[in-house]
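Heads up, the thing below is written out as structure tokens.
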Amino acid sequence: DAKTTQPPSMDCAEGRAANLPCNHSTISGNEYVYWYRQIHSQGPQYIIHGLKNNETNEMASLIITEDRKSSTLILPHATLRDTAVYYCIVSNDYKLSFGAGTTVTVRA
Amino acid sequence: NAGVTQTPKFRILKIGQSMTLQCTQDMNHNYMYWYRQDPGMGLKLIYYSVGAGITDKGEVPNGYNVSRSTTEDFPLRLELAAPSQTSVYFCASRYGGNTDTQYFGPGTRLTVL
């Protein structure tokens, strides 16, 4: 599986959009980009995934660049409950490889 | 559905003791996984199973064993516990297919003293 690079931490103001970057320059053509988050040592929670096109669901939007070498997870209106570690993962099979992720702190 | 359940929530072991971490899912998922997470780190895959009777090693299998006799259960066995196995253990499952969501249990916090 391709490796990903994420900033170790970022802050966000409550009510504002949070934009979380992820680099995956060695991604191969059949690898998907997944985002999971982990709130306060709970089990990770699925957020969204995509292959080439941008995706949106009730939690977030995923923007993948045309060359697929990077992506951005957008939390449109961050709340205090969105404070968590966010993991960007690329995979083309049933195994996921978790890095250290980005610790996102949403401040009031 | 209860989803993925794990027992116990917490456990303290002495060096050399053994124990089994239980994991059960009620979603009829084919794939099941065991991960460990050390403080400040991401999750590392210990073992996984693609169906009853089939298991395979992940990144960090040493010191652990698994079995998958039913679709629902995927116990993780620690033999001869060592301080290096102090960690939080997460079980996960997914139905199948490359894009299916993995669902995680609440974790078991294990300390080996």
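Excluded from the calculations below are hydrogen atoms, water molecules and symmetry mates; all remaining heavy atoms, backbone and side chain alike, are included. Chain letters run A, B, ... following the sequence lines, proteins first, then strands; residues in each count from 1.
A donor and an acceptor atom, one from each side chain of A/His24 and A/Ser70, are nowhere located under 3.5 Å apart.
Among the residues in residues 41-67 of chain B, those with a non-hydrogen atom closer than 4.5 angstrom to a non-hydrogen atom of chain A are B/Met41, B/Gly42, B/Leu43, B/Leu45, B/Tyr48, B/Val50.
With sequence neighbours left out, A/Tyr46 forms a ring-ring contact (aromatic ring centres under 6.0 Å, His included) with A/Tyr36, A/His49.
Only the side chain of B/Gln37 comes within contact range of chain A, with at least one heavy atom under 4.5 Å from a heavy atom of that chain. The parts of A/Ser41 that come within reach of chain B are both its backbone and its side chain, each placing non-hydrogen atoms under 4.5 angstrom from that chain. With a 4.5 angstrom heavy-atom cutoff, B/Tyr35 touches chain A only via side-chain atoms.
Proximity of the aromatic rings of B/Phe104 and B/Tyr33 is defined here by a centroid distance below 6.0 angstrom, and this criterion is not met. Residues A/Tyr87 and A/Tyr34 keep their aromatic ring centres 6.0 Å or farther apart.
Between A/Lys69 and A/Asp67, none of the side-chain N atoms (NZ, or NE/NH1/NH2) sits under 4.0 Å from a carboxylate O, so this pair counts as no salt bridge. A salt bridge links B/Arg77 with B/Glu79: at least one charged nitrogen is closer than 4.0 Å to a carboxylate oxygen.
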| message | Set out, in order, the CA-CA distance, both residues' side-chain angles and the distance that settles side-chain contact (heavy atoms from CB on, under 4.5 Å) for A/Tyr86 and A/Ile47, then state yes or no. | response | CA-CA 9 Å; A/Tyr86 287 76; A/Ile47 301 173; 3.5 Å; yes
